[in-house]
Amino acid sequence: MEKRVRLRFAPSPTGGLHMGGVRTALFSYLYAKKHHGDFILRIEDTDQTRYVKGAEEYIINALKWCGIEPNEGVGFGDGPYAPYRQSERKELGIYKRYADRLIESGHAYLAFDTSEELDEMRKRLEAAKVVAPQYNAVTRQNMRNSLTLPEDEVKKLVESGAPYVVRLKVPRNEEIRFHDIIRGWVTVNSSQVDDKVLLKSDGMPTYHLAHIVDDIEMKISHAVRGEEWLPSAPSHILIYRYLGLESEMPQLAHLPLILKPDGNGKLSKRDKSGLPMFPINWHDERTGESYIGYRESGFTPDAFINMLALLGWNPGDNREIMTKDELIANFSFERVNKSGAKFDPEKTKWFNQQYLRMQTDEQLADSAMPLLEAKGIKKDKAFVKEFCRLVKEKAHFVTEFYDLGSYFFVAPTSYDEKVMAKKWNENSKSTYTKLTEKLSGLDNWNINSIHDLFTAAEPELGKIDMQLVRVLTTGVAGGAQLFDMLALLGKEEVVTRLKNALSKL
RNA sequence: GGCCCGUUCGUCUAGGGGUUAGGACGCGUCCCUUUCACGGACGAAACACGGGUUCGAUUCCCGUACGGGCUACCA
């Protein structure tokens with residue numbers, strides 16, 4: 001029987017979820033939806049020391065805003081495999097059971113070494129010019145563990161409550177081969193793999209043990225994660241194998257990393273490009289640092305998701321703007337790239353612009369209204385709607401609307417110097433004074449009538465410079481369609497602005 | 001350092017033994033426009049390098065270089 005498709009997103013609550021994490025969640029979500037499977041949120045909070053308050057809630061809210069909602073797991077209604085928080089699962093003794101199984105079968109052992117002893121070992125190895133000091137088949141022979149200590153001493157130590165960790169007993173020289181849906185076959189020799197800690201001395205499992213146990217128990221079909229996990233995958237294969245669960249192992253997919261726009265390296269929390277790294281605003285209570293989100297920067301979730309999906313994946317044709325349903329219908333891990341992708345802020349903005357243009361003026365007005373109100377501007381919906389129609393063309397974000405057309409709300413106090421220097425001459429004052437008079441006499445104030453008035457006035461006044469009219473009424477050299485703009489401003493406002501400008505010149 | 005992964009225009013990418021190497025962002029020119037934009041047309045711009053294999057390699061193989069990741073009782 002074909003295994004039911006079940007994918008999990010399993011972040012650890014050690015900080016805000018950045019876009020790399022969101023993309024991992026997105027790809028898992030897309031695949032799960034495409035195959036009518038489940039998408040699960042599991043919280044991997046096994047590191048007490050790095051736990052950040054608010055991170056879990058942030059992850060949930062971020063996924064909600066992005067529209068990539070799990071149908072099972074923390075914050076989304078527990079399913080049949082609850083609990084979905086690893087700290088809670090640890091209390092149930094789940095991980096210890098598996099660790100014990102490995103100890104019993106001789107594939108894991110107890111290690112009593114203190115951190116000082118481990119440091120000493122590393123220093124000793126470095127002094128002996130060992131390039132990669134690690135706890136492994138060779139070095140464990142000189143350490144204090146259940147493989148080197150006499151049986152009764154181990155027993156005594158355990159009974160006396162001495163702290164110990166459980167380590168995986170990795171063979172000395174064995175080829176480990178595994179398949180990755182994105183990368184194909186990968187082979188590593190076990191001599192490169194260290195004896196990973198499975199259970200920490202506080203009883204908590206490490207990621208290595210915990211994610212395997214949970215993926216098995218939660219019947220996960222595909223384990224999707226970042227490329228940074230590729231080097232530890234051989235250890236994971238061994239754990240599945242020694243547990244006798246290799247046949248139930250989820251398929252592996254290691255995603256390429258998202259790189260910084262300029263230079264190289266993994267994307268970091270802050271970037272010079274000025275674009276956010278987080279889906280929604282994130283405030284780290286521990287460090288006191290705040291990061292702005294895509295949501296607050298004016299991105300729509302659809303645009304954000306679309307952009308992320310195309311970072312490292314493509315549908316195989318030239319389509320770029322795709323709805324979520326289209327992404328779901330076309331997604332496959334086979335079409336995910338192997339190489340890391342530099343994230344491009346310009347292209348990212350372009351995505352939002354495309355989505356902005358798909359919105360009606362009505363929808364844009366709904367988004368713009370609160371932003372304008374926040375600036376103390378009170379205009380009715382009809383005015384704002386027309387304002388949106390006029391400024392949207394060159395905007396990438398609704399949040400830019402005000403800056404693009406602040407002259408709709410505030411009369412100018414200065415006039416673009418370049419344009420004035422170039423176009424204002426001794427005749428201008430009389431020409432535009434007469435134009436102002438004609439405008440103030442216009443009864444039916446609308447786009448067409450204003451246009452007609454200009455045309456009709458030219459034989460008498462001579463050539464009217466459109467840009468000069470623009471600068472006289474708005475103060476700036478560029479902006480919305482002139483006649484449309486004048487029409488929206490209203491006769492009184494336009495005449496007042498013109499008179500005011502003329503009196504100063 | 002060691003191990004693993006990767007490498008097509010500046011960036012995101014399509015393609016894949018024989019192509020004028022395609023698209024998108026950005027950039028430039030022109031057209032449209034009594035202003036400002038949108039838009040349209042066009043253009044510059046890439047197979048990292050060296051060896052094989054082959055009639056033929058950007059495509060397959062091997063090296064080199066470069067980039068990235070990992071190298072914790074962190075995930």
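From a predicted model like this one, the values you see are computed outputs, not experimental measurements. Letters go in sequence order (proteins before strands), and every chain restarts at 1.
- Looking at heavy-atom distances under 4.0 Å, A/Val197 makes contact with sugar-phosphate atoms alone, never a base.
- In this structure, A/Asn337 reaches the B/A14 phosphate: one of its side-chain N or O atoms is under 4.0 Å from OP1 or OP2.
- Checked by distance alone, A/Ser201 brings a side-chain donor or acceptor within 3.5 Å of a matching partner on the base of B/C73.
- Nucleotides B/G10 and B/G51 have their P atoms positioned 24 Å apart, rounded to a whole Å.
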Using the 3.5 Å cut-off, write out each protein N or O paired with an N or O of nucleotides 62-65 of chain B and the distance between them.
none

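- No side-chain heavy atom of A/Phe351 sits under 4.5 Å from any side-chain heavy atom of A/Phe299.
- Listed by chain and residue number, A/Asn444, A/Asn448, A/Ser449 satisfy the side chain to side chain contact (heavy atoms under 4.5 Å, CB included) test with A/Asn446 (two or more places apart in sequence, or in another chain).
- Atom name C1', nucleotides B/U58 and B/U8: the rounded distance is 8 Å, in whole Å.
- Across B/C25, B/U35, B/A75, the shortest atom-to-atom separation from the side chain of A/Asp344 is found for B/C25.
- Counting non-hydrogen atoms under 4.0 angstrom, A/Gly312 reaches the backbone sugars and phosphates but no base.
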Exercise for the section: For A/Tyr135 and A/Asn145, run side chain to side chain donor-acceptor pair (under 3.5 Å): C-alpha distance rounded to whole Å, both residues' side-chain angles, the deciding distance at 0.1 Å, then the answer. Expected result: CA-CA 11 Å; A/Tyr135 207 113; A/Asn145 53 56; 3.1 Å; yes
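- In the set B/C73, B/A24, B/A75, the nucleotide with an atom closest to the side chain of A/Trp350 is B/A24.
- Between B/A44 and B/A21, the distance separating the two P atoms is 13 Å to the nearest Å.
- In this structure the side chain of A/Ser190 reaches within 4.5 angstrom of the side chain of A/Pro171, judged on heavy atoms.
- With distances taken from any side-chain atom of A/Thr206 to the nucleotides B/U35, B/A24, B/C74, the minimum falls on B/C74.
- If you check every strand for non-hydrogen atoms under 4.0 Å, A/Glu346 touches sugar and phosphate atoms only.
- Residue contacts for A/Arg319: at a heavy-atom cut-off of 4.0 Å it reaches no nucleic acid atom on any strand shown.
- Contact annotation: A/Lys200 reaches the phosphate of B/C74 (side-chain N/O to OP1 or OP2, under 4.0 Å).
- When both pairing distances are held under 3.5 Å, B/C25 makes a Watson-Crick or G-U pair with B/G10.
- You'll find that the side chain of A/Arg122 is closest to B/C73, out of B/U35, B/C73, B/G22.
- Salt-bridge check for A/Asp194 with A/Arg167: failed, with every basic side-chain N at 4.0 Å or more from each acidic carboxylate O.
- For the P atom pair drawn from B/G2 and B/U64, the interatomic distance equals 11 Å after rounding to whole Å.
- Contact annotation for A/Lys392: no contact, since no heavy-atom pair falls under 4.0 Å across all strands.
- With B/C36, B/U34, B/C73 as the candidates, the nucleotide lying closest to the side chain of A/Met466 is B/U34.
- One can place CD of A/Gln481 at 10 Å from P of B/U35, the figure rounded to the nearest angstrom.
- B/U7 and B/U13 have their C1' atoms separated by 14 Å, given to the nearest Å.
- Looking at heavy-atom distances under 4.0 Å, A/Thr46 makes contact with sugar-phosphate atoms alone, never a base.
- Listed by chain and number, the residues in a side chain to side chain contact (heavy atoms under 4.5 Å, CB included) with A/Glu334 are A/Ile181, A/Ser332 (sequence neighbours excluded).
- Nucleotide B/G50 forms a pair with B/C62, judged by Watson-Crick or G-U wobble geometry with both contacts under 3.5 Å.
- A 4.5 Å side-chain heavy-atom check between A/Leu17 and A/Phe278 finds every atom pair outside the cut-off.
- Nucleotides B/A37 and B/G26 place their P atoms 15 Å apart, quoted to the nearest Å.
- Ring pair A/Phe331/A/Trp313: centre-to-centre distance below 6.0 Å.
- Remark: B/C70 base-pairs with B/G2; criterion is Watson-Crick or G-U wobble with both hydrogen-bond distances under 3.5 Å.
- Between A/Asn314 and the phosphate of B/A14, there is a side-chain N or O to OP1/OP2 separation shorter than 4.0 Å.
- Within 4.0 Å (heavy atoms only), A/Arg335 reaches sugar-phosphate atoms of the nucleic acid but no base atom.
- One atom, NZ of A/Lys347, and another, P of B/C27, lie 13 Å apart when rounded to the nearest Å.
- Residue contacts shown for A/His451 include a base, since a base heavy atom lies under 4.0 Å away.
- Aromatic rings of A/Tyr58 and A/Trp282 (six-membered ring for Trp) have centroids within the 6.0 Å cut-off, being under it.
- For A/Leu125 and B/A72, the CG to P distance is 12 Å, given to the nearest whole Å.
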Would you tabulate the nitrogen or oxygen pairs shorter than 3.5 Å linking the protein to nucleotides 1-7 of chain B?
unit_1: B/G1; atom_1: N2; unit_2: A/Val131; atom_2: O; d: 3.1
unit_1: B/C3; atom_1: O4'; unit_2: A/Gln192; atom_2: OE1; d: 3.4
unit_1: B/C5; atom_1: O2'; unit_2: A/Arg183; atom_2: NH1; d: 2.5
unit_1: B/C5; atom_1: O2'; unit_2: A/Glu227; atom_2: OE2; d: 3.1

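- In this structure, A/Glu458 reaches the bases: a heavy-atom distance under 4.0 Å links it to at least one base atom across the strands shown.
- Of the candidate nucleotides B/C74, B/G23, B/C70, B/C74 has the atom lying nearest to any side-chain atom of A/Asp47.
- Every residue two or more places apart in sequence or in another chain was checked for a side chain to side chain donor-acceptor pair (under 3.5 Å) with A/Lys200, and none qualifies.
- Here B/A37 sits opposite no nucleotide as a Watson-Crick or G-U wobble pair (both hydrogen-bonding atom distances under 3.5 Å).
- What separates CE of A/Met358 from P of B/C38 is a distance of 18 Å, to the nearest Å.
- Between A/Arg144 and A/Asp113, none of the side-chain N atoms (NZ, or NE/NH1/NH2) sits under 4.0 Å from a carboxylate O, so this pair counts as no salt bridge.
- Of the charged side-chain nitrogens involved, at least one lies within less than 4.0 Å of a carboxylate oxygen, so that A/Arg89 and A/Glu217 count as a salt-bridged pair.
- In this structure, A/Lys423 places its NZ atom 14 Å from P of B/U34, rounding to the nearest Å.
- Within a 6.0 Å radius of NZ in A/Lys96, other residues, nucleotides and ligands contribute 12 heavy atoms or fewer.
- Residue contacts shown for A/Asp45 are absent, as no nucleic acid heavy atom lies under 4.0 Å away.
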Could you write out each protein N or O paired with an N or O of nucleotides 39-41 of chain B at a distance under 3.5 Å?
unit_1: B/G39; atom_1: OP1; unit_2: A/Arg357; atom_2: NH1; d: 2.8

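- With respect to A/Glu120 and A/Lys123, no salt bridge is recorded, no charged nitrogen being found less than 4.0 Å from a carboxylate O.
- Rounded to whole Å, the C1' atom of B/C49 lies 42 Å from the corresponding atom of B/G40.
- A/Lys438 has a carboxylate O that lies under 4.0 Å from a charged side-chain N of A/Glu460, or vice versa, which qualifies the two as a salt bridge.
- Nucleotides B/A57 and B/A72 are separated by 46 Å at their C1' atoms, to the nearest Å.
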